[in-house]
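First up is the structure itself, then whatever we jot down about it.
Counting from 1, the numbers follow the sequence of the chain as shown.
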Amino acid sequence: MTSVRRTRETGGGPPLPSRLRPPAHRVSPRAVAHWAIEYLLLWGLAFGLAWGVSVWLGGAGWAHLPGWLDSRLGWVPVLVGVAGALMTLVAPVWRYRVHRWEVSSDVVYTRTGWFSREWLLVPVSRIQTVDSRQGLIERALGLATIEVNTASHAGSSEVSGLPVAVATRLAEDLAHRAHALRDDAT
(Lines give C-alpha, C1' and ligand atoms only; values in the text may rest on other atoms or scores of the structure.)
Protein backbone atom coordinates (compact mmCIF):
# COMPACT_ATOMS: atom_id res chain seq x y z
CA MET A 1 0.00 0.00 0.00
CA THR A 2 1.55 3.27 -1.09
CA SER A 3 -0.40 5.65 1.08
CA VAL A 4 -2.87 5.96 3.87
CA ARG A 5 -5.94 7.96 2.93
CA ARG A 6 -8.62 8.75 5.47
CA THR A 7 -11.55 10.99 4.73
CA ARG A 8 -14.59 12.23 6.53
CA GLU A 9 -17.40 12.93 4.12
CA THR A 10 -20.05 15.46 5.02
CA GLY A 11 -22.83 13.59 6.76
CA GLY A 12 -20.98 10.33 7.26
CA GLY A 13 -17.94 8.28 6.44
CA PRO A 14 -15.43 6.62 8.69
CA PRO A 15 -14.36 8.69 11.68
CA LEU A 16 -10.81 9.93 11.79
CA PRO A 17 -8.52 8.68 14.52
CA SER A 18 -8.17 11.29 17.25
CA ARG A 19 -4.38 11.33 16.99
CA LEU A 20 -4.38 12.65 13.39
CA ARG A 21 -3.50 16.32 13.81
CA PRO A 22 -3.55 18.98 11.10
CA PRO A 23 -0.32 19.30 9.09
CA ALA A 24 2.01 21.98 10.43
CA HIS A 25 2.34 24.39 7.47
CA ARG A 26 -0.10 26.62 5.65
CA VAL A 27 0.39 27.52 2.02
CA SER A 28 1.52 31.05 1.15
CA PRO A 29 -1.02 33.83 1.77
CA ARG A 30 -0.47 34.81 -1.88
CA ALA A 31 -2.28 31.57 -2.77
CA VAL A 32 -5.53 33.38 -1.89
CA ALA A 33 -4.88 35.86 -4.73
CA HIS A 34 -3.93 32.99 -7.06
CA TRP A 35 -7.14 31.07 -6.39
CA ALA A 36 -9.24 34.25 -6.56
CA ILE A 37 -7.84 35.09 -10.00
CA GLU A 38 -8.50 31.54 -11.21
CA TYR A 39 -12.10 31.67 -9.93
CA LEU A 40 -12.59 35.12 -11.43
CA LEU A 41 -11.44 33.90 -14.84
CA LEU A 42 -13.57 30.75 -14.67
CA TRP A 43 -16.72 32.49 -13.46
CA GLY A 44 -16.14 35.39 -15.86
CA LEU A 45 -16.15 32.89 -18.72
CA ALA A 46 -19.32 31.26 -17.33
CA PHE A 47 -20.98 34.69 -17.04
CA GLY A 48 -20.02 35.57 -20.60
CA LEU A 49 -21.41 32.29 -21.90
CA ALA A 50 -24.63 32.66 -19.88
CA TRP A 51 -25.08 36.22 -21.14
CA GLY A 52 -24.39 35.17 -24.75
CA VAL A 53 -26.83 32.26 -24.60
CA SER A 54 -29.43 34.47 -22.94
CA VAL A 55 -29.13 37.14 -25.66
CA TRP A 56 -29.09 34.56 -28.43
CA LEU A 57 -32.15 32.67 -27.17
CA GLY A 58 -33.97 35.88 -26.31
CA GLY A 59 -33.42 37.37 -29.76
CA ALA A 60 -34.09 34.17 -31.67
CA GLY A 61 -37.78 34.15 -30.77
CA TRP A 62 -37.91 30.39 -30.50
CA ALA A 63 -41.41 29.02 -30.31
CA HIS A 64 -40.04 25.93 -28.53
CA LEU A 65 -39.22 27.84 -25.33
CA PRO A 66 -41.94 27.88 -22.68
CA GLY A 67 -43.30 31.35 -21.98
CA TRP A 68 -42.15 31.37 -18.35
CA LEU A 69 -38.55 30.62 -19.45
CA ASP A 70 -38.56 33.13 -22.28
CA SER A 71 -39.50 35.98 -19.94
CA ARG A 72 -36.80 35.01 -17.40
CA LEU A 73 -33.76 34.45 -19.63
CA GLY A 74 -32.19 37.70 -18.44
CA TRP A 75 -31.91 36.30 -14.92
CA VAL A 76 -29.55 33.48 -15.96
CA PRO A 77 -26.44 35.69 -16.34
CA VAL A 78 -27.37 37.57 -13.16
CA LEU A 79 -27.55 34.32 -11.17
CA VAL A 80 -24.29 33.08 -12.68
CA GLY A 81 -22.65 36.44 -11.87
CA VAL A 82 -23.84 36.39 -8.24
CA ALA A 83 -22.69 32.77 -7.78
CA GLY A 84 -19.34 33.66 -9.35
CA ALA A 85 -18.86 36.71 -7.15
CA LEU A 86 -19.60 34.68 -4.01
CA MET A 87 -17.24 31.88 -5.05
CA THR A 88 -14.50 34.34 -5.98
CA LEU A 89 -14.74 36.12 -2.63
CA VAL A 90 -15.36 33.17 -0.28
CA ALA A 91 -13.72 30.04 -1.74
CA PRO A 92 -10.06 31.22 -1.86
CA VAL A 93 -10.14 32.31 1.79
CA TRP A 94 -11.82 29.06 2.80
CA ARG A 95 -9.24 27.03 0.85
CA TYR A 96 -6.42 28.92 2.55
CA ARG A 97 -7.81 28.10 5.98
CA VAL A 98 -8.07 24.38 5.18
CA HIS A 99 -5.11 23.54 2.92
CA ARG A 100 -2.04 22.52 4.88
CA TRP A 101 1.06 20.45 4.31
CA GLU A 102 3.97 18.94 6.22
CA VAL A 103 6.97 16.79 5.41
CA SER A 104 8.42 14.64 8.17
CA SER A 105 11.33 12.24 7.96
CA ASP A 106 9.16 9.45 6.56
CA VAL A 107 5.91 10.93 5.19
CA VAL A 108 4.45 13.77 3.10
CA TYR A 109 1.23 14.82 4.81
CA THR A 110 -1.43 17.03 3.20
CA ARG A 111 -4.94 18.15 4.07
CA THR A 112 -7.31 19.55 1.45
CA GLY A 113 -11.02 19.96 0.86
CA TRP A 114 -13.85 22.38 1.52
CA PHE A 115 -16.99 20.59 2.57
CA SER A 116 -15.40 17.16 2.86
CA ARG A 117 -11.82 17.03 4.06
CA GLU A 118 -9.11 14.73 2.77
CA TRP A 119 -6.01 13.81 4.72
CA LEU A 120 -3.30 12.17 2.62
CA LEU A 121 -0.13 10.58 3.96
CA VAL A 122 2.43 9.52 1.35
CA PRO A 123 5.42 7.52 2.63
CA VAL A 124 8.70 8.99 1.39
CA SER A 125 9.91 5.47 0.61
CA ARG A 126 7.12 5.10 -2.00
CA ILE A 127 7.83 8.35 -3.88
CA GLN A 128 8.80 7.79 -7.51
CA THR A 129 8.92 11.36 -8.82
CA VAL A 130 8.64 14.86 -7.44
CA ASP A 131 7.65 17.52 -9.95
CA SER A 132 7.51 21.27 -9.54
CA ARG A 133 5.44 23.47 -11.84
CA GLN A 134 4.36 27.09 -12.23
CA GLY A 135 1.40 28.33 -14.21
CA LEU A 136 1.22 31.86 -15.56
CA ILE A 137 -0.65 33.23 -12.53
CA GLU A 138 1.62 31.36 -10.12
CA ARG A 139 4.70 32.78 -11.85
CA ALA A 140 3.35 36.32 -11.56
CA LEU A 141 2.72 35.82 -7.83
CA GLY A 142 5.99 33.97 -7.10
CA LEU A 143 4.23 30.69 -6.30
CA ALA A 144 4.71 27.08 -7.39
CA THR A 145 3.07 23.67 -7.05
CA ILE A 146 4.82 20.41 -6.26
CA GLU A 147 3.46 17.01 -7.23
CA VAL A 148 4.57 13.96 -5.28
CA ASN A 149 3.92 10.87 -7.41
CA THR A 150 3.90 7.22 -6.40
CA ALA A 151 3.20 4.09 -8.45
CA SER A 152 -0.41 4.31 -7.26
CA HIS A 153 -2.54 7.20 -8.49
CA ALA A 154 -4.34 7.20 -5.14
CA GLY A 155 -1.03 7.68 -3.35
CA SER A 156 0.00 10.80 -5.25
CA SER A 157 -0.21 14.20 -3.61
CA GLU A 158 -0.06 17.83 -4.65
CA VAL A 159 0.76 20.96 -2.69
CA SER A 160 -0.12 24.20 -4.47
CA GLY A 161 0.39 27.77 -3.33
CA LEU A 162 3.96 27.40 -2.10
CA PRO A 163 6.56 30.15 -2.47
CA VAL A 164 8.97 29.23 -5.29
CA ALA A 165 11.99 28.88 -3.00
CA VAL A 166 10.09 26.57 -0.63
CA ALA A 167 8.71 24.46 -3.50
CA THR A 168 12.13 24.11 -5.13
CA ARG A 169 13.87 23.20 -1.87
CA LEU A 170 11.09 20.77 -0.91
CA ALA A 171 11.08 19.05 -4.32
CA GLU A 172 14.86 18.61 -4.27
CA ASP A 173 14.85 17.36 -0.69
CA LEU A 174 12.06 14.84 -1.28
CA ALA A 175 13.65 13.56 -4.49
CA HIS A 176 17.01 13.02 -2.75
CA ARG A 177 15.43 11.35 0.27
CA ALA A 178 13.26 9.06 -1.85
CA HIS A 179 16.30 8.12 -3.98
CA ALA A 180 18.39 7.41 -0.89
CA LEU A 181 15.67 5.21 0.63
CA ARG A 182 15.26 3.24 -2.62
CA ASP A 183 19.02 2.70 -2.84
CA ASP A 184 19.11 1.47 0.77
CA ALA A 185 16.36 -1.04 0.05
CA THR A 186 18.24 -2.77 -2.79
Side-chain donor/acceptor pairs under 3.5 Å, residues 78-100, sequence neighbours excluded:
unit_1, atom_1, unit_2, atom_2, d
T88, OG1, G84, O, 2.7

Tell me which donor-acceptor pairs under 3.5 Å the side chains of residues 134-145 have, and how far apart each pair is, sequence neighbours excluded?
unit_1, atom_1, unit_2, atom_2, d
Q134, NE2, L143, O, 2.8
E138, OE1, G135, N, 2.8
E138, OE2, T145, OG1, 2.5

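Note on V166 and V130: same hydrophobic cluster, where clusters join Ile, Leu, Val, Met, Phe, Trp and Tyr whose side-chain heavy atoms are under 4.5 Å apart, directly or indirectly. A continuous path of Ile, Leu, Val, Met, Phe, Trp and Tyr side chains, each step under 4.5 Å between heavy atoms, connects W119 with V107, placing both in one hydrophobic cluster.
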Give the C-alpha distance, both sets of side-chain angles, the deciding distance and a yes or no for side-chain contact (heavy atoms from CB on, under 4.5 Å) between L162 and W101.
-> CA-CA 10 Å; L162 296 175; W101 65 276; 3.2 Å; yes

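Of the candidates V148, V103, N149, L174, V148 is the only one forming a side-chain contact (heavy atoms from CB on, under 4.5 Å) with V122.
For the pair R169 and D173, the salt-bridge criterion is not met [side-chain N within less than 4.0 Å of a carboxylate O].
Rounded to the nearest 0.5 angstrom, H179 NE2 and Q128 CD are separated by 13.5 Å. In this structure, D106 CG and R126 CZ are separated by 12.5 Å, a value rounded to the nearest 0.5 Å. L49 contributes atom CG, which lies 12.0 Å from atom OG of S54 (distance to the nearest 0.5 angstrom).
A side-chain N or O of H34 and one of E38 form a donor-acceptor pair less than 3.5 Å apart.
Across every non-hydrogen atom of A171 and I146, the tightest pair is CB-CG2, 4.2 Å. Contact record, L121 with P123: O-CD, 3.7 Å, taken as the closest heavy-atom pair. The two residues V27 and S160 come nearest to each other via the heavy atoms CG1-O, 3.1 Å. When all heavy atoms of R177 and V124 are compared, the closest pair comes out as NH2-CG2, 3.8 Å.
Here the side chains of E102 and R21 are in contact, with some heavy-atom distance below 4.5 Å.
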